[in-house]
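Sequence lines set the chain letters: A, B, ... in the order given, protein chains first and strands last, and positions in each chain run from 1.
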Amino acid sequence: MAYSDKVIEHYNNPRNVGSFTKDTPGVGTGLVGAPECGDVMKLQIKVNLDTGVIEDAKFKTFGCGSAIASSSLATEWLKGKTVDQAAEIKNTDIVNELKLPPVKIHCSVLAEDAIKAALSDYKAKWGESAGAGQAAATATTSS
Amino acid sequence: MSQTVNYFEVFGLPRTLGIDAGQLQAKFYELSRRYHPDFQQSAPPAEQERALTLSALVNTAYRTLRDPIARIEYLVRLEEGRDTREGSAVKPAAPPELLEEIFEVQEMLEDAKASGLDDEGRNRLAAERDRLVARCRQEEELLTGALAADWDEASPAGRPRVVAAFKAALATRAYLRTVIDDLEAALDPAGETDVTHHRH
Ligand code: FES
């Protein structure tokens with residue numbers, strides 16, 4: 001199967017490969033798999049707890065070229081976004097950017113799933129302490 | 001026979017999983033003969049064309065239904081109205097422990113490959129592989145045994161629940177098989193091109 005240039009580029013130079021220690025403040029981890037092929041992907045975000053902005057993102061994917069490219073691209077897109085903006089990234093954005101063919105759609109879905117999983121893990125772990133000022137203030141006054 | 005029948009209908013079977021292998025084979029031979037191009041030479045071109053399509057359909061249908069796991073995968077697609085493995089509406093959620101475990105094995109494999117495989121490393125990988133192969137077999141037995149029987153006994157209302165159970169077990173099997181393939185490839189680099197075929 002012919003990969004697009006962008007897939008090959010990300011595959012050869014994957015951005016942000018690696019991991020953060022899970023319980024570092026502000027880190028959210030998503031570990032997901034694609035039942036279609038059995039590939040697995042881990043994606044982590046590191047959120048600045050004062051601003052709610054994703055400062056860094058890392059991934060590790062044991063999967064096909066498209067899955068590696070999708071997750072590499074996802075980590076690039078995540079950096080600098082707020083948690084809410086990050087939730088808007090769709091697998092179709094990845095498909096368009098990487099020009100993935102229909103049989104590789106599930107690889108981009110895997111990346112979207114990983115983003116969602118990382119965001120919800122982040123919210124579960126650090127959601128209370130995030131959003132800074134207002135959220136913290138309401139929490140104290142209402143208690 | 002119409003060209004749009006499903007694989008079960010090709011053989012005149014109900015949508016059940018308990019299929020007698022001998023009967024299936026006999027029916028396959030019969031249909032293969034019926035649509036074989038050699039027996040169609042005097043037929044009009046449109047008829048020949050149709051026979052060709054049907055003979056291809058019979059072949060694929062047989063290959064799919066003959067294999068008890070492929071049979072289940074096909075049944076799930078049929079129940080969900082999909083043509084390919086892409087586009088499953090509801091993704092089965094993998095048990096998180098399974099993904100964690102598979103991720104760990106993959107990382108161990110990665111480290112082992114990076115540091116060069118010595119005998120001890122090979123033995124560890126082989127032991128992992130054997131353990132995972134046994135797990136995979138269990139999952140297959142569950143699919144073709146208890147779950148297949150559940151399907152055949154289920155009332156129409158009970159069927160979606162069995163489909164969900166099939167999907168969960170098929171997903172578990174897919175995760176296991178991929179990591180097993182990767183272990184195999186590391187242990188036997190010569191066979192690599194064979195076993196990594198699932199990644200294009
Ligand atoms: S082939 Fe499965 S993630 Fe790409």
Side-chain angles (χ1 to χ4, degrees), chain A residues 1-4 7-8 11 14 17-19 21-22 28-44 58-71 91-92 95 98 100-118 120-121 124, chain B residues 73 76-77 80 82-111 113-114 132 135-136 139 163-186 195-200:
Chain A
M1 160 158 348
Y3 278 129
S4 73
V7 171
I8 293 169
Y11 182 76
V17 174
S19 57
T21 321
K22 269 192 175 169
T29 303
L31 176 56
V32 293
E36 292 87 349
C37 60
D39 290 341
V40 289
M41 177 183 292
K42 183 157 104 180
L43 189 145
Q44 294 180 296
K58 291 206 182 296
F59 82 95
K60 204 160 181 189
T61 294
F62 295 102
C64 73
S66 300
I68 290 169
S70 296
S71 39
N91 88 291
T92 43
V95 170
L98 298 176
L100 298 178
V103 292
K104 299 265 116 179
I105 303 293
H106 77 268
C107 322
S108 68
V109 172
L110 189 57
E112 186 188 317
D113 287 350
I115 294 174
K116 288 202 189 114
S120 75
D121 182 58
Chain B
E73 283 174 330
V76 170
R77 288 214 300 270
E80 296 194 317
R82 285 183 293 132
D83 290 337
T84 65
R85 64 178 190 170
E86 294 289 327
S88 173
V90 196
K91 244 177 139 172
E97 325 78 58
L98 177 73
L99 290 182
E100 296 271 356
E101 183 187 348
I102 283 178
F103 208 84
E104 270 165 33
V105 177
Q106 289 285 14
E107 286 189 318
M108 166 184 147
L109 174 60
E110 191 181 53
D111 291 347
K113 282 202 276 199
L132 294 168
R135 274 270 292 285
C136 192
E139 211 62 34
V163 170
F166 279 144
K167 287 175 73 172
L170 285 169
T172 297
R173 174 175 175 268
Y175 293 122
L176 291 168
R177 287 199 23 148
T178 297
V179 71
I180 291 167
D181 280 358
D182 290 346
L183 288 165
E184 295 284 1
V195 289
T196 54
H197 63 271
H198 63 281
R199 283 185 189 144
H200 314 281

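Nearest approach of F103(B) to K42(A), heavy atoms of both residues: CZ-CB, 3.4 Å. Among all heavy-atom pairs drawn from P35(A) and A174(B), the shortest one is O-CB, 3.3 Å. When every heavy atom of L31(A) is checked against every heavy atom of L99(B), the shortest pair comes out as O-CD1, 3.6 Å.
Under the rule for a side-chain contact (heavy atoms from CB on, under 4.5 Å), A168(B) has no partner lying at least two apart in sequence or in another chain. Residues meeting the salt bridge (charged side-chain N to carboxylate O under 4.0 Å, His left out) test with E104(B), sequence neighbours left out: none.
Annotation: the span from K60(A) atom NZ to Q106(B) atom CD amounts to 10.0 Å, rounded to 0.5 Å. Note that the CZ atom of F62(A) and the CG atom of L109(B) stand 8.0 Å from one another [nearest 0.5 Å].
Residue contact with chain A, scored on non-hydrogen atoms closer than 4.5 Å, is absent for E73(B).
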